[in-house]
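Throughout, protein chains are lettered first and strands after them, A, B, ... in sequence-line order, and every chain is numbered starting at 1.
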Protein chains: 2
Amino acid sequence: MQISGEHRRILVVDDEPQITRVLRTTLSSQGYDIRTASDGESALETFHDWSPHLVITDLAMPNLDGVGLCRKLREKSQVPIIVLSVRGQERNKVEALDAGADDYVTKPFGMNELLARVRAHLRRVVPEEKQEQAIAVGDFSLDPEARRVLVRGEEVRLTPKEFEVLSYLLRHAGKAVTHRALLAAVWGANSTEQPEYLRVFVGQLRKKIEADPANPKYLLTEPWVGYRFEPGE
Amino acid sequence: MQISGEHRRILVVDDEPQITRVLRTTLSSQGYDIRTASDGESALETFHDWSPHLVITDLAMPNLDGVGLCRKLREKSQVPIIVLSVRGQERNKVEALDAGADDYVTKPFGMNELLARVRAHLRRVVPEEKQEQAIAVGDFSLDPEARRVLVRGEEVRLTPKEFEVLSYLLRHAGKAVTHRALLAAVWGANSTEQPEYLRVFVGQLRKKIEADPANPKYLLTEPWVGYRFEPGE
DNA sequence: AAGAGGTTCATAAAAAGTTTGTAAAAGCGC
DNA sequence: GCGCTTTTACAAACTTTTTATGAACCTCTT
């Protein structure tokens, strides 16, 4: 498991199942999330649904070939594209690269080389597009980019851990959140057996966001289960 | 002559004069500006003086080899690097790519392929103008060309590093900027583990731009995360 | 139905561990 | 030498973790 590769999504496009299978296996083992497509058209669909960070594609495919796929992708996206092909002739390479591909690797290729090229291209991808979107529920709004929380229009200063706890609760507003889930989300999957933290931090949060911390209106406890966040109407 | 290649500067590094000569000729004919260096050390010098848009380098060189050159360049720069080498073994490729190279082409290579790869990498280079635009937020305005900053109409003298720090913060005004991001932007991607710089420079900046440096109004600290620039209304 | 025993929850506060602001010394390049 | 950057040091401020205590709650027994 490597930090820089975590959660990066790679779309593999090839009409030969044995190729996609081996790529899926190898890339998955490096910690990447993989989806595959067997032709250009379905690749475009998956691309739009899933927004991968990198595309690896074959050249010869039904429906829409590799060069066509590159052109289509480039109309909308800057995603790095690596073309894999058995055709090693220079004009094929030039055509693909000029169509928008970033790299051209000739089959058969060494898997370590491909992985290194994948790393090289992913390095350039803007670090972690913030998947975190602003949330607004009831009297609360939370902006992860600015790292700010507003309660009834007032800004509330939160420490990092408080922020993460509240963030998780807001994202699951209205639902009962188990101790385990909350602990795992904020403290990591390891410390799921220490609910003392939660009591302390929930207490702190209530002091900061509740009008009457002793009789919480938003941050309710769900006995024997966990907590539940109830946004004001 | 092609439009996309106009005025782009390419640094060619190789200790064999016949290689640099043919590359210079070919690349020049495509409208690129070329300089050459015959070893890693002088390549670094030329790089700093000339800020090329792309570097093409051999692997085997006196003084500082291709891999070392990649590492050195990556400390400060995101410039695309294409490595040319007679060594076609996979571990050479992996080593170079992981050292920061973006592409690895084995000699002998087709010139059209190389040109296509050059075009592919140059496509990704951010057009300079984008980074050089003036910014004005709240009480601040910053002119990158003149390297001047005005706070409430008053000019403030800043050192180069101070300027870059403030520039980055202004470009992300209102958002929490992580230590990592700020360090990477100003000191290069390698020095992301030295937040001491930031403390010092933020302190300097506050002295220069805040009315009361001890109680900052603009340059706020976001504890455990980084800093946030809040423009005056 | 009431009470004992055990568990969970809330709160406060002490202890431990980090981070931040600041000053100043050392290093570097022109 | 001079100005800028880097390094070092340390106290102050802050966050997180740990600990303690009492109240509230459930279960089981009588």
Side-chain angles (χ1 to χ4, degrees), chain A residues 147 149 156-169 176-180 182-183 185-188 190-229, chain B residues 44-45 48-49 75-76 147 149 156-169 176-180 182-183 185-188 190-229:
Chain A
R147 251 196 135 73
V149 178
V156 177
R157 273 184 52 82
L158 298 182
T159 71
K161 286 263 148 74
E162 288 166 5
F163 186 89
E164 288 186 62
V165 171
L166 182 61
S167 172
Y168 190 88
L169 287 168
V177 171
T178 64
H179 295 131
R180 279 189 75 90
L182 199 42
L183 282 164
V186 178
W187 278 269
N190 295 357
S191 5
T192 19
E193 312 296 335
Q194 244 86 1
E196 297 85 25
Y197 297 163
L198 285 187
R199 293 203 216 99
V200 175
F201 277 83
V202 166
Q204 300 276 14
L205 271 175
R206 284 190 183 143
K207 272 192 207 161
K208 294 188 176 180
I209 67 174
E210 297 279 358
D212 177 6
N215 293 27
K217 183 179 148 198
Y218 305 110
L219 212 174
L220 312 176
T221 119
E222 200 71 42
W224 268 256
V225 179
Y227 294 91
R228 181 159 51 90
F229 190 88
Chain B
L44 278 177
E45 275 177 44
H48 288 126
D49 294 348
E75 285 176 13
K76 294 271 177 185
R147 298 228 131 209
V149 178
V156 176
R157 276 186 54 82
L158 298 182
T159 71
K161 283 267 146 77
E162 287 166 6
F163 185 88
E164 286 186 62
V165 171
L166 182 60
S167 171
Y168 190 88
L169 288 167
V177 171
T178 63
H179 296 131
R180 277 189 76 90
L182 198 43
L183 283 165
V186 178
W187 279 271
N190 291 20
S191 7
T192 24
E193 311 295 336
Q194 242 86 2
E196 298 85 23
Y197 298 164
L198 285 187
R199 298 210 288 277
V200 176
F201 278 83
V202 165
Q204 302 274 16
L205 272 174
R206 292 217 257 237
K207 273 191 207 163
K208 294 187 176 180
I209 66 174
E210 297 279 357
D212 177 5
N215 294 20
K217 183 180 147 197
Y218 305 111
L219 212 174
L220 311 176
T221 121
E222 201 68 43
W224 265 247
V225 178
Y227 293 92
R228 181 157 52 89
F229 190 88

Hey, could you give me the CG/CG distance between B:L219 and B:L169, rounded to the nearest 0.5 Å?
5.5 Å
For atom [atom1] of [X] and atom [atom2] of [N], their distance in whole Å:
X: A:L219; N: C:dC9; atom1: CG; atom2: C1'; answer: 13 Å
X: A:K208; N: D:dC14; atom1: NZ; atom2: C1'; answer: 11 Å
X: A:F163; N: D:dT15; atom1: CZ; atom2: P; answer: 14 Å
X: B:L198; N: C:dT18; atom1: CG; atom2: P; answer: 20 Å
X: B:L183; N: C:dT20; atom1: CG; atom2: C1'; answer: 14 Å
X: A:E164; N: D:dT15; atom1: CD; atom2: C1'; answer: 13 Å
X: B:E222; N: D:dA13; atom1: CD; atom2: C1'; answer: 16 Å

So which heavy atom on A:E222 is nearest to which on A:A176, and how close?
CG-CB, 3.9 Å
Could you tell me which non-hydrogen atom of B:F201 sits nearest to which non-hydrogen atom of B:T159, and how far apart they are?
CE2-OG1, 4.4 Å
Please list, chain by chain and in numerical order, all residues satisfying side-chain hydrogen bond (donor to acceptor under 3.5 Å, both in side chains) with B:E164, sequence neighbours excluded.
none
Please list, chain by chain and in numerical order, all residues satisfying side-chain hydrogen bond (donor to acceptor under 3.5 Å, both in side chains) with A:Q204, sequence neighbours excluded.
none
I'd like to check the side chain to side chain contact (heavy atoms under 4.5 Å, CB included) partners of B:V149; sequence neighbours left out, ordered by chain and number.
B:L142, B:V151, B:L158, B:F163, B:L166
Determine yes or no for a side-chain-to-main-chain donor-acceptor pair under 3.5 angstrom, with A:E210 supplying the side chain and A:Y218 the backbone.
yes
Under 4.0 Å between a side-chain N or O of B:Y197 and OP1 or OP2 of D:dT7?
yes
If only side-chain N and O atoms of A:H179 are considered, is one of them under 4.0 Å from the OP1 or OP2 phosphate oxygen of C:dT8?
no
Please list all pairs passing the salt bridge (Lys or Arg N to Asp or Glu O under 4.0 Å) test where one or both residues lie in residues 199-209 of chain B, with sequence neighbours left out.
B:E162-B:K208
What's touching nucleotides 3-5 of chain D from the protein side, N or O pairs under 3.5 Å?
from  : atom 1 : to     : atom 2 : distance (Å)
D:dT5 : OP1    : B:K161 : N      : 2.9
D:dT5 : OP2    : B:T159 : OG1    : 2.5

Give A:Y227 one of three labels, base, sugar-phosphate or nothing, depending on what nucleic acid heavy atoms sit under 4.0 Å from its own.
sugar-phosphate
So if I apply the side-chain contact (heavy atoms from CB on, under 4.5 Å) rule between A:R180 and each of A:T178, A:L182, A:V177, A:L183, which one comes out positive?
A:T178
All N/O contacts under 3.5 Å from nucleotides 22-30 of chain C to the protein, with atom names and distances to one decimal?
none

